[in-house]
K.L.:
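There's a structure below that I have some questions on.
Numbers restart at 1 for each chain; the letters A, B, ... are given by sequence-line order, proteins then strands.
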Amino acid sequence: MTITLYNSMSRQKEEFVPIEPGHVGIYVCGPTVYGPPHLGHAKSYVTFDVLVKHLRQSGLKVRYVQNITDVGHLTDDADAGEDKIQRQARIDQVHPYEVVDKWTRQYMNDMEKLRVAHPSFYVRASQHIGEQIEAVQSLVEKGHAYVVDGNVYYNVESFPEYGKLSGRRLEEQKEGVRVETRGDKRNPRDFALWKKADPGHILKWNSPWGEGYPGWHIECSVMATKYLGKTFDIHGGGLENKFPHHECEIAQSESLNDAPFCRYWVHNNMVTVDGIKMGKSLGNFRTCEDLLARHSPEALRAFVLSTHYRSPSNYTEEAITAAASGLTRLTQLQTALLEIVEKNVSAGASDNEAEKLSGEVDAKIRERLDDDIDSPGAIATLYSFVTEVNRFIGASALSARVAALILAVVQKWGGDVLGILPAISGKESEVDIAPIMQMLIELRQEMKAAKKFDVADAIRNRLKDAGVLIEDTRDGARWKRI
RNA sequence: GGCGGCAUAGCCAAGUGGUAAGGCGAAGGUCUGCAAAACCUUUAUUCAUCGGUUCAAAUCCGAUUGCCGCCUCCA
């Protein structure tokens, strides 16, 4: 078993070899909590959710750390503009932490609905101010940073490798057009490690340079290395953070620790709406909450995972609906397999064939995910397996033992890892409607036997209106909630 | 202007040197009192265009065109 990942640093797929055998440390850039989580967040965190789950079920012990940016993320570039959270707080006329708390809860709520597993733990920038100050101080002492009037800037010229991730060379960076030169910086590319707080700034801390707050990039450097080590395995995040955010993280961390920052950079691509990037400033973003109101979590995951994580996902309502339609076959299969297991069928004409196929499919899906998390390939394999298994079921050729085996494979990949197979719903109401349904089905059967089809149809229609679907099969009727 | 990526059927989307997965949609069929579900068949002689390398290319190289992202906050 070899897992390969596309490393943005080397720009090619590489075999994934953990620093410490059997253990993986992964850090993923989390959201800045000042607004609603949207489809873009969903793509990113579903992607890393699948990556982590796949690593885990491949036998690796994973420590997955994700940050919550709750301070210091400016609206403009790294050294001007306003703190995003503070700005939102001013608009809402609340304390900044109220903004932070509200959107953190919303984020976690949405992620849970999307079946994104909790990381090993979340870390917050505001809870690591001391460590960040220490890091900045250390960078100043080592000559990588300088202080100007309460601000501390990182000197990019002190790190010759600056630009190695994004492929940008310092000398190529033309000054002026979009990068506004700030008076007190030595180089326009220098970025803020510590910002002096303006008089009205609420979230601020004491530091050797006066009251202020940390720059955006330093939090990730500090928290990632604190919990995962000076050099760790995987750093993930959205493509748009490659520059400047990740580039700055590398510069800070490596000049601070004199060690490589991380081994594999994994970047997920963007979500577009009608081919255009989804962005807050463009006003075309779709929130998770809104989408979850109209689609199942599984449908959203299937939509996201049907595109490779390194390709952009183009959002259309039609695409999500199509993903949901495809999913029903998977759900149906699960129900059908459970039925065979419950009936404890012993005979199985196709048992040998099915068992063999099941093993092959299991290996194939693993292979697809091993190959840089090819989720579309994995889903395709799963779907063609569904067709094959349905054929066996149609011929009544499976025993309970083999059905259980297949069910385990389908639930492992479709359910546990990809998260596109809905969990079997338990009792949703206080009254168990199963016996009632049984009675109605028997009654309806009698009507059918007596050729009173109008009555039988009326029962079926009334139940449909009530949210229960009757399906007549060769072996009698079955029902399910719509 | 600089850096990077992508172009595969009506739509979504794998495949990265050996002769085009899968899903949605559509059409026909089997089953069925009718439905639903499921299954079967059909739906790209061809992978943006033009050259080149090779016995062999969607896959490698070059050029062209189009689209997208980053270079300012963004997952």
K.L.:
Roughly how far apart, to the nearest Å, are B/C50 and B/A57 at atom P?
P.N.:
15 Å

K.L.:
What nucleotide, of B/A14, B/C40, B/C74, holds the atom closest to the side chain of A/Ser311?
P.N.:
B/A14

K.L.:
Given atom CD of A/Glu247 and atom C1' of B/G4, what is their separation to the nearest angstrom?
P.N.:
13 Å

K.L.:
Nearest to the side chain of A/Tyr383, which nucleotide is it out of B/G22, B/A75, B/A38?
P.N.:
B/G22

K.L.:
Looking only at side-chain atoms of A/Thr387, point me to the closest of B/C71, B/C40, B/G15.
P.N.:
B/C40

K.L.:
Going by atom types only, do A/Ser350 and A/Asn352 share a side-chain donor-acceptor pair under 3.5 Å?
P.N.:
no

K.L.:
Please check if any side-chain donor atom of A/Asn7 sits under 3.5 Å from a side-chain acceptor atom of A/Gln12, or the reverse.
P.N.:
no

K.L.:
Can you name the nearest heavy-atom pair linking A/Gly377 to A/Arg368, along with the distance?
P.N.:
C-CG, 3.7 Å

K.L.:
Quick one: label A/Gly238 by what it contacts on the DNA or RNA (base, sugar-phosphate, nothing), any heavy atom closer than 4.0 Å.
P.N.:
sugar-phosphate

K.L.:
Less than 3.5 Å apart, any donor N or O on the side chain of A/Ser399 or A/Asp351 sitting next to an acceptor on the other?
P.N.:
yes

K.L.:
Roughly how many Å apart are B/C39 and B/A7, using the C1' atom of each and rounding to a whole number?
P.N.:
36 Å

K.L.:
With a 4.0 Å cutoff (strictly under), does any side-chain N or O of A/Arg310 reach OP1 or OP2 of B/G5?
P.N.:
no

K.L.:
A/Val28 near the nucleic acid: base, sugar-phosphate alone, or nothing, with a heavy-atom cut-off under 4.0 Å?
P.N.:
nothing

K.L.:
If we take the P atom in both B/A14 and B/G22, what is their distance in whole Å?
P.N.:
15 Å

K.L.:
Taking the C1' atom of each, how far is B/A26 from B/U16, in whole Å?
P.N.:
32 Å

K.L.:
Closest to the A/His38 side chain: B/C11, B/C39, B/C74?
P.N.:
B/C74

K.L.:
Taking the nucleotide of RNA chain B with the closest heavy atom to each, which residue, A/Arg391 or A/Glu318, is nearer the 5' end?
P.N.:
A/Glu318

K.L.:
Would you please confirm or rule out a distance under 4.0 Å between OP1 or OP2 of B/C74 and any side-chain N or O of A/Asn241?
P.N.:
yes

K.L.:
Taking NZ, NE, NH1 and NH2 as the nitrogens, is one of them in A/Arg460 or A/Asp465 under 4.0 Å from a carboxylate oxygen of the other?
P.N.:
no

K.L.:
Say you pick atom C1' in B/U42 and the same atom in B/G5; how far apart are they, in whole Å?
P.N.:
36 Å

K.L.:
Check whether A/Tyr153 forms a cation-pi arrangement with A/Arg186 (NZ or CZ under 6.0 Å from the six-membered ring centre, at most 45° off the ring normal).
P.N.:
no

K.L.:
Could you give the distance separating B/A36 and B/G18 at their P atoms, to the nearest angstrom?
P.N.:
43 Å

K.L.:
Starting from the 5' end of RNA chain B, give me the residue, A/Val386 or A/Phe303, whose nearest nucleotide shows up first.
P.N.:
A/Phe303

K.L.:
Send over the distance from A/Gln12 CD to B/G5 P, rounded to a whole Å.
P.N.:
12 Å

K.L.:
Looking only at the side chain of A/Thr307 (C-beta and beyond, no hydrogens), which of the listed nucleotides B/A13, B/A75, B/G22 gets closest?
P.N.:
B/A13

K.L.:
Please assess A/Ser313 against A/Lys43 for the test side-chain hydrogen bond (donor to acceptor under 3.5 Å, both in side chains), listing each intermediate value before the final yes or no.
P.N.:
CA-CA 8 Å; A/Ser313 297; A/Lys43 174 161 173 122; 2.9 Å; yes

K.L.:
Kindly indicate, with the supporting measurements, whether the criterion ring-ring contact (aromatic ring centres under 6.0 Å, His included) is fulfilled by A/Phe121 and A/Tyr227.
P.N.:
CA-CA 10 Å; A/Phe121 51 89; A/Tyr227 298 107; 5.2 Å; yes

K.L.:
Between the protein and nucleotides 25-36 of chain B, which nitrogen or oxygen pairs come in under 3.5 angstrom?
P.N.:
residue, atom, partner, partner atom, Å
B/G33, N1, A/Asp457, OD1, 3.2
B/G33, N2, A/Asp457, OD2, 3.0
B/C34, O2, A/Arg460, NH2, 2.8
B/C34, N3, A/Arg460, NH1, 3.2
B/C34, N3, A/Arg460, NH2, 3.4
B/C34, N4, A/Asp472, OD2, 3.2
B/A35, N6, A/Asp472, O, 2.9
B/A35, N1, A/Asp472, N, 3.0
B/A35, N3, A/Arg460, NH1, 3.2
B/A36, N1, A/Asp472, O, 3.0

K.L.:
As a test of reading the structure: which of B/A37, B/G23, B/A75 is closest to the side chain of A/Gln332, going by heavy atoms?
P.N.:
B/A37

K.L.:
Output the rounded distance in Å from NE2 (A/His308) to P (B/G5).
P.N.:
14 Å

K.L.:
Considering only nitrogen or oxygen atoms on both sides, find all protein atoms under 3.5 Å from nucleotides 68-70 of chain B and state each distance.
P.N.:
residue, atom, partner, partner atom, Å
B/G69, OP1, A/Lys277, N, 3.2
B/C70, OP1, A/Lys277, NZ, 2.3
B/C70, O2', A/Arg168, NH2, 3.1
B/C70, O2, A/Arg168, NH2, 3.2

K.L.:
What interatomic distance, in whole Å, is found between C1' of B/C12 and the corresponding atom of B/A44?
P.N.:
15 Å

K.L.:
Applying ring-ring contact (aromatic ring centres under 6.0 Å, His included), run through A/Tyr154 and A/Tyr162 and close with a yes or a no.
P.N.:
CA-CA 11 Å; A/Tyr154 182 91; A/Tyr162 188 79; 7.2 Å; no

K.L.:
Can you tell which of B/C11, B/C40, B/C24 lies closest to the side chain of A/Ala322?
P.N.:
B/C24

K.L.:
Looking only at atom C1', what distance separates B/A75 and B/G69, rounded to whole Å?
P.N.:
13 Å

K.L.:
side-chain contact (heavy atoms from CB on, under 4.5 Å) for A/Met447 and A/Asp454? Distances and angles first, verdict last.
P.N.:
CA-CA 9 Å; A/Met447 292 299 117; A/Asp454 52 340; over 6 Å; no

K.L.:
Measure from NZ or CZ of A/Arg168 to the centre of the six-membered ring of A/Phe243, then state whether that distance is under 6.0 Å and the direction lies within 45° of the axis.
P.N.:
yes

K.L.:
What residue among A/Asn268, A/Asn269, A/Asp372 forms side chain to side chain donor-acceptor pair (under 3.5 Å) with A/Arg310?
P.N.:
A/Asp372

K.L.:
Applying the side-chain contact (heavy atoms from CB on, under 4.5 Å) criterion to A/Asn241, which one of A/His246, A/Glu249, A/His217 satisfies it?
P.N.:
A/His246

K.L.:
Between A/Lys364 (NZ) and B/G15 (P), how many Å, whole number?
P.N.:
11 Å

K.L.:
If a stem is a run of at least 3 consecutive Watson-Crick or G-U pairs, both distances under 3.5 Å, which stems include RNA chain B?
P.N.:
B:1-7 with B:65-71, B:10-12 with B:22-24, B:25-30 with B:38-43, B:48-52 with B:60-64

K.L.:
So for atom CD, which belongs to A/Glu317, do other residues, nucleotides or ligands contribute more than 12 heavy atoms lying within a distance under 6.0 Å?
P.N.:
yes

